[in-house]
Each structure stands twice: as structure tokens, then as C-alpha cells.
Amino acid sequence: MELGPGEQLVLRGLLTVGKYPVLVASVAYLLNRYAGWDIPAWAVCLGAFGVIPLVVFVAIRIRYWQIFSAAARRGAIIAPKWKGKWPGNVDVLYAVLESFRHGYPGELLWERFNELGPTYRFNILWDFGVLTCDPAIIKVSTPAFGPSEGMLYHSVPMVGEVFQEQMHALLGTGVFNSDGDMWRWHRSMTRPFFSKDRISHFELFDRHAEAALDKMSERLRTGYAIDFQDLVSRFTLDSATEFLFGACVHSLRSSLPFPHNVSASSPFAATTTALSPVSECDRDKAEAFATAFAAAEHLCAERATMGKVWPLWEMRKDKSREYMRVVDEYLHPILEEALRKKAQREHEEKARGVKTAEEADDIEEGETLLDHLVKFTSDLTVLHDEVLNILLAGRDTTATTLTFAVYLLAMHPDVLQRLRTEVLEKVGPKQRPTYADIKEMRYLRAVINETLRLYPAVPFNIRVSVNEGLLPNSNGKPFYVPAKVPHVFLVFKVGVGPPVSDISLVEWHIQCGRCTAGRSIGDQMEYDPDRFLDERVNKYLTPNPFIFLPFNAGPRICLGQQFAYNEMSFFLIKLLQRFSAMELAPEAASPSVLPPKEWASAPGRKGKEKFAPKSHLTLYVTGGMWVRMTEAEEIDAGM
Ligand code: HEM
Ligand SMILES: *[C@@H]1O[C@H](CO)[C@@H](O)[C@H](O)[C@H]1NC(C)=O
Ligand SMILES: *[C@@H]1O[C@H](CO)[C@@H](O)[C@H](O)[C@H]1NC(C)=O
């Protein structure tokens with residue numbers, strides 16, 4: 001019989017502490033037998049069970065004593081602690097999980113920043129963890145900005161064992177989920193694929209963007225709003241599966257969802273389900289793949305919020321197994337086919353007596369990531385893990401950013417019009433955008449950057465300290481942290497504003513210069529793409545690049561940054577070529593997922609939200625982001 005993850009955790013725990021009751025019982029037995037003592041059975045039982053909490057308590061005390069004395073020796077202090085009411089901060093864990101499900105992303109964690117400063121301790125079940133939004137710490141955690149003080153972090157920052165274990169089911173040992181040599185190997189193998197501007201992808205983006213826009217137009221003409229988040233997620237999924245392994249899952253062929261109060265059996269529902277030329281069977285497998293992958297992703301994200309104790313939610317069985325079986329059913333034949341082709345090629349070359357002239361670093365036109373990877377390895381597991389890692393890293397991040405970009409454009413028609421003017425001037429009303437066009441469109445890039453500043457698709461990041469060391473503290477003595485401690489960086493807050501003590505940086509984040517240190521977060525949340533274009537860039541951003549790091553920096557910087565800008569720019573240009581106006585349609589979403597009424601009085605973005613953002617590994621909008629758009633007039637086309 002195989003034990004579930006939770007059972008294993010409990011068993012390991014029992015084995016670790018189980019020796020103490022056995023020890024107590026044995027000592028009592030020996031004393032009674034040979035030393036003539038007469039300890040009654042109930043006392044032995046009491047001692048045997050009482051010893052467990054005692055041992056745990058003493059072990060924790062000793063660890064803390066060690067930590068505090070190490071800090072004192074180095075003239076440092078320990079970061080202030082978020083104190084819960086219950087032992088082990090169980091109530092804090094519960095509150096954080098609840099807030100993840102129903103609250104505003106990260107809000108509970110920010111409130112503590114106001115109270116405890118930009119760095120605090122977050123101890124769940126007596127485990128030491130650090131939460132920070134302090135750019136000074138981001139700076140030391142990222143070797144790109146200079147040598148890290150006291151070698152706190154390894155030259156290659158680690159994602160850490162706990163995170164790896166949570167993600168293992170989905171990501172195995174791919175680039176996103178490995179450390180050390182394994183990570184270095186994966187990264188060096190995958191990087192060349194992203195290092196060139198792969199013009200060939202534009203043809204692919206064009207096909208899928210066109211399909212998505214047709215689908216939108218068709219639905220909008222029936223008078224219904226569309227869920228833009230759903231639509232753009234299909235666009236990124238179809239594009240990603242095609243450029244990663246050359247087998248598009250064609251999620252854009254299935255029917256779009258309808259507003260909540262429209263039954264799917266309405267007369268329009270049938271007409272919008274385009275018949276696909278792919279066989280039904282393949283299509284079912286592809287659809288099942290997409291659904292199972294999303295479910296596995298969601299599960300891993302839930303695990304990540306629970307920390308080390310996640311297996312307690314999966315006592316009897318590993319919930320990811322079933323999802324991964326479905327994922328593999330689709331993916332394995334594709335991988336095997338790629339390997340078969342490789343073997344055949346090698347065989348033919350041998351037969352002709354020519355040596356493989358293929359340079360592994362050479363990327364050919366139209367080559368998929370899988371084509372590229374089989375030049376390095378024939379290991380099915382490695383290929384499987386790497387392809388899924390990149391799918392996870394690249395798909396939701398771009399979809400989310402596009403969703404929030406359109407959300408913000410719909411709320412700011414002036415920005416929309418200005419961006420549209422840039423599109424029509426630089427690219428024209430119908431032409432397919434080129435790489436050169438995109439490079440020149442500075443306003444478009446500023447719009448994307450401003451979206452990423454307010455809604456960073458990856459709202460937090462984790463690093464584990466390899467050695468003990470000191471962290472900068474702007475309010476006094478440095479903070480001491482022991483080795484192997486997870487640090488969570490809250491990018492969401494970092495992008496939104498630095499600690500309010502640093503006025504010059506706060507200024508960059510708000511619209512005008514008349515801020516004071518006491519201004520609320522709300523003012524820093526003003527949508528203003530111009531901050532990426534005017535004098536504020538040289539004044540704030542250039543000297544402090546780490547205040548805006550949606551892709552992080554250093555050795556683990558996002559591999560797909562350029563790719564993502566290209567894909568998102570391409571889609572936004574095509575969108576604005578086709579549509580000239582947009583408005584949010586919150587009434588189309590189910591009322592149960594819309595922001596609760598009490599949000600309206602909150603400061604900052606929370607008070608402005610028309611849809612409720614949520615965060616798992618990436619940000620997203622619960623219940624979808626519904627919009628209506630107006631197709632551009634023919635007059636535009638004559639420009
Ligand atoms: C708006 C879109 C995107 C955002 C905001 C984003 C953000 C990030 C962030 C914050 C990281 C973590 C870096 C770290 O741990 O220090 C990351 C890693 C990564 N991203 Fe992206 N990303 C985006 C799009 C993409 C795309 C399109 C791809 C590929 C097609 C991609 C591939 C990767 C990979 C492979 C890693 C792991 C790198 C490593 O651990 O060495 N990303 N990304
Ligand atoms: C659905 O809701 C919209 C907006 O609230 C309304 O205009 C429409 O009549 C409703 N449709 C149905 C079938 O109830
Ligand atoms: C947008 O941000 C990126 C860094 O992520 C930077 O390289 C680029 O110059 C920025 N562009 C504009 C127009 O702000």
C-alpha cells in the first residue's frame with residue numbers, strides 16, 4: 001500500500017518524536033525492574049506522552065536561543081515578528097489562507113508592513129521565515145546589483161527545497177524548479193532558444209491573434225460581453241503549445257463562455273462553436289490536457305501558500321497524480337515523436353557518412369523549443385519537465401498582463417486613444433506589426449510597464465538563504481537571518497511603492513511631486529504610463545532599477561522577458577487595430593465574484609477595482625474580466 005503525502009508527513013513526524021516516549025517508557029521499566037522503583041503505569045503513560053510537547057518546546061527554545069545569540073554576536077537584531085494569538089501562529093496561517101481566497105491580494109501582509117516595517121518575521125509552526133518589500137533587501141538578494149553582503153545568498157539564489165517539493169508533481173526538475181547544477185544545466189540548455197529575436201514567431205502570433213480577434217468580433221456582434229481573460233488565456237495557450245512543442249491545443253476553437261445569466265443553450269451558443277478539422281479524439285485529448293494542466297497549476301499554487309504543512313491537505317493521496325496522468329497522455333506521444341525523428345535523422349546521417357553538422361546553438365526558423373532541446377538530451381523526463389516549466393512560466397504571466405493591460409485601458413479612455421494613435425501612426429490600421437515597429441513604440445512599452453508595475457503578474461518571489469548572514473535595515477541595526485530560511489519578496493508591494501520613509505522614491509510612484517511621507521498607498525497606485533517616459537525615469541528609476549522588477553534580475557532573471565514583450569505588444573497592436581473603444585462589463589460576471597461592496601471605500605486600487613484580482617502563483621481576475629468593445633470604423637482604415 002502506498003501512503004499519501006499527508007500520511008507520510010505524519011509518519012515522519014511520529015518517527016522523529018516517537019523515540020522520546022519509547023525512551024521514557026524504557027527508562028521507567030529499567031528503574032522499576034532493577035533499581036527497585038515503583039512508578040505506576042499511569043505515570044509512565046503520562047510521562048511518555050507529555051515528553052513530546054516538552055521535547056518540541058525545548059528544541060524550539062534552543063534554536064531561538066542560538067539564533068538570538070548569533071545575532072547579538074554580530075551586533076544585529078532579529079526582524080520583528082508577526083505575532084498571532086494561537087500557538088505556532090496557526091491563526092495567522094488560517095487568516096493568510098482565507099485572505100488568499102477572499103481578500104485583496106497581499107493585503108493582510110501589507111498591513112503588517114505598516115505596523116512592523118518593510119521586513120518582518122513570519123513564523124508558521126515555529127519555523128523561521130522572512131517577508132520583505134524593502135528594495136534594499138531585493139538589491140542584496142540579486143547579485144546583479146552588486147556582491148551580496150556577507151554571502152548571504154549563494155551566487156545562484158535558491159528557490160529552496162520546500163518550494164521544489166510543492167511543485168514537483170507539475171514541474172519535476174525543470175529550470176523553474178531546480179537549484180545548483182541541475183538549474184544551471186537546464187538554463188544553459190534552454191537559454192539559446194530565447195536569446196535571439198525569433199522573427200518566425202510573429203507568423204505564429206499573427207495566426208492565433210487573428211483567430212482570437214475573429215472569435216471576439218463574432219461574439220460581440222451578438223451583443224454579449226466577452227471574458228477577455230478567458231480569451232487571451234486561450235491565445236497564449238495556443239501560441240505556447242505551438243512554439244514549445246509544435247502541437248497547438250487549439251483552445252480557441254471551443255466556444256467562448258457566456259455572461260453568467262445567459263444559459264449556454266441559447267440560440268447563439270450553437271453558432272459560435274466552430275467545427276474543427278481536427279479529429280474529435282485529438283481535440284478531446286488536447287482539451288483535457290489544457291484543463292488538467294490548469295488544475296495541477298492551481299493545486300501547486302495552493303500548496304505554495306500552505307508552506308511545509310501542505311501534505312496535511314492531501315492526507316490519503318497526491319491530488320496531482322490524476323491531473324498529470326491526463327497531461328502526460330497528451331504530451332508523451334509528442335515527445336516520443338520528437339525523439340523518433342531525431343533518431344531517424346541521426347541514422348540517416350550515419351548512413352550517408354556525414355557527421356552531424358548541426359550546431360546546437362543555432363536556432364532555425366520555425367524551430368520549436370522541443371526541436372531545440374532534443375539536440376541536447378534524449379531523456380524523456382528532462383524534455384517533459386522543461387517543456388512544462390516553460391509552459392507554466394510563460395503562459396499565465398503573459399495572459400494576466402494582457403488582461404490587466406486591457407482592464408486599465410478600458411478604465412482610461414485617454415490612454416487608450418493615445419496608444420491607438422501610436423498604433424495607427426507606426427503600424428497602420430491593417431498591417432501586420434514587425435519587430436522593428438514594436439521596438440519603436442515607446443508608449444506601448446510604457447503602457448505595458450505601467451501595467452506590470454501595478455499588477456505584477458508574478459506578485460511574490462521566494463529565495464532561501466544558503467548561509468547565515470545580515471540583511472540591511474533602514475531603521476537601525478541590521479537583521480540577522482540563519483541559513484536555510486525562506487524569504488518571501490512581495491513584488492506587488494514593491495512595485496506599488498517603496499517604504500514610505502523614502503520620499504524621493506514615493507514621488508516616482510505617484511502622479512505629482514506634492515507627496516509627503518504620510519500619503520496613503522492609494523496615491524502611489526495612480527495609473528500613469530508617462531512615469532516611464534518623462535523625467536521621472538532618470539530621476540528615480542535609472543538610479544534605483546530594483547524598484548521595478550517584474551521579471552526580477554540577476555542569474556535567474558526571466559528567460560522569456562523579450563519574448564513576452566513581443567507577444568504582448570503584438571497582441572495589443574492587433575487588438576487596437578480592430579477595436580477603437582472598450583468598456584468594462586462587470587454585470588456580465590456572476591455577482592458572487594465581483595468585489596464586495598465594502599471594497600469601494602478602501603484606499604488605493606482596492607477601492608477602484610471593478611473586478612476582484614486574486615493571486616495564486618500568478619495574479620488573475622476571479623470570475624473573468626468582462627468587456628465590450630467597439631469595432632473600428634472604416635474611416636480609420638483610410639488613414
Ligand atoms: C509578462 C510576462 C512575464 C512575467 C511578468 C515574468 C516574470 C518572471 C519572474 C518574476 C520570474 C522569476 C525570476 C526569479 O525567480 O528570480 C520568471 C522566471 C522565468 N520566466 Fe518569466 N515572466 C513572463 C513571461 C515569460 C515567458 C513568455 C516565458 C517563456 C516563454 C518565461 C520564462 C521564464 C523562465 C524559463 C523562468 C525561470 C528562469 C530561471 O529560474 O532560471 N517568462 N519570470
Ligand atoms: C442578463 O443581465 C443583463 C445585464 O444585467 C441584462 O441586460 C439582461 O437582460 C440579462 N439577461 C437575461 C437573460 O436575464
Ligand atoms: C520597460 O521596462 C523594461 C524593464 O523591465 C525596460 O527595459 C524598458 O526600458 C522599459 N520601457 C519603457 C518605455 O519604460
Side-chain angles (χ1 to χ4, degrees), residues 138 141-144 153 156-160 163-164 167 171 173-180 182-191 193-194 198 201 205 232 236 239-241 243-244 368-369 385-405 422 438-453 455-464 489 491-492 494-495 529-534 536-538 541-542 545-569 571 617-619:
I138 312 269
S141 77
T142 307
Y153 297 97
V156 176
M158 315 266 275
V159 288
F163 185 75
Q164 276 165 19
M167 301 294 139
L171 297 178
T173 56
V175 61
F176 209 63
N177 202 37
S178 51
D179 278 327
M182 185 58 127
W183 166 78
R184 210 167 286 117
W185 183 65
H186 271 276
R187 185 147 175 127
S188 67
M189 176 164 79
T190 307
R191 200 180 49 199
F193 183 74
F194 290 103
R198 295 166 48 77
H201 282 143
F205 293 155
V232 85
T236 55
S239 309
T241 47
F243 82 79
L244 291 177
T368 66
L369 177 73
D385 291 352
E386 195 63 357
V387 163
L388 288 186
N389 269 249
I390 311 287
L391 182 59
L392 178 98
R395 188 265 173 131
D396 281 354
T397 43
T398 15
T400 287
T401 310
L402 281 170
T403 301
F404 282 102
E422 189 184 52
I438 288 177
K439 249 178 130 168
E440 269 177 37
M441 298 179 66
R442 292 184 64 227
Y443 194 62
L444 174 61
R445 205 158 255 240
V447 165
I448 295 176
N449 279 3
E450 181 65 345
T451 307
L452 284 165
R453 186 186 74 90
Y455 299 100
V458 183
F460 60 90
N461 205 342
I462 300 172
R463 286 288 180 267
V464 176
F489 298 98
V491 189
F492 201 84
V494 171
D530 272 321
R531 80 180 75 236
F532 282 96
L533 297 173
D534 60 26
R536 283 173 288 183
V537 175
N538 283 333
L541 188 57
T542 317
F546 41 87
I547 61 173
F548 174 67
L549 287 180
F551 298 94
N552 213 339
R556 286 201 95 127
I557 190 172
C558 173
L559 267 180
Q561 174 170 353
Q562 210 42 54
F563 187 93
Y565 273 118
N566 284 344
E567 180 174 6
M568 296 186 298
S569 304
F571 192 88
L617 292 177
T618 48
L619 279 190

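As the structure lists them, so they are numbered: ligands from 1, and atoms in each ligand from 1.
- For Thr398, no nitrogen or oxygen atom sits less than 3.5 Å from a nitrogen or oxygen atom of ligand 1, counting backbone and side chain alike.
- For atom 5 (O) of ligand 3, a protein heavy-atom neighbour is present inside the 4.0 Å cut-off.
- For Thr401, no nitrogen or oxygen atom sits less than 3.5 Å from a nitrogen or oxygen atom of ligand 1, counting backbone and side chain alike.
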- Task: Assess whether side chain to side chain donor-acceptor pair (under 3.5 Å) is satisfied between Thr190 and Glu386, documenting all intermediate values.
- Result: CA-CA 8 Å; Thr190 307; Glu386 195 63 357; 2.5 Å; yes

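- Ligand 3 lies within reach of Tyr565, whose nearest heavy atom is under 4.0 Å from it.
- Within the listing of ligand 1, atoms 5 (C), 7 (C), 10 (C) sit less than 4.0 angstrom from a heavy atom of Pro550.
- Residue, atom and distance of the protein heavy atom nearest to atom 8 (C) of ligand 3 are Asn449 ND2, 3.8 Å.
- Ring orientation note: the planes of Phe243 and Phe193 are close to parallel, at an angle under 30° on the 30°/60° scale.
- Remark: Arg445 qualifies as a cation-pi partner of Tyr565 under the 6.0 Å distance and 45° angle criteria applied to the six-membered ring.
- Of all the heavy atoms of Thr397, the ones lying under 4.0 Å from any atom of ligand 1 are found in both the backbone and the side chain.
- Checked by atom type and distance alone, the side chain of Thr451 never pairs as donor or acceptor with a backbone atom of Thr401 at under 3.5 Å.
- For Met568, the heavy-atom gap to ligand 1 drops under 4.0 angstrom.
- With a 4.0 Å cut-off on non-hydrogen atoms, Arg395 does not touch ligand 1 at all.
- Distances between N or O atoms of Glu567 and those of ligand 1 include no value under 3.5 Å.
- Below 3.5 Å of separation, one finds no N or O of Gln561 facing any N or O of ligand 1.
- Between the side chain of Glu422 and the backbone N or O of Arg442, at least one donor-acceptor pair lies under 3.5 Å.
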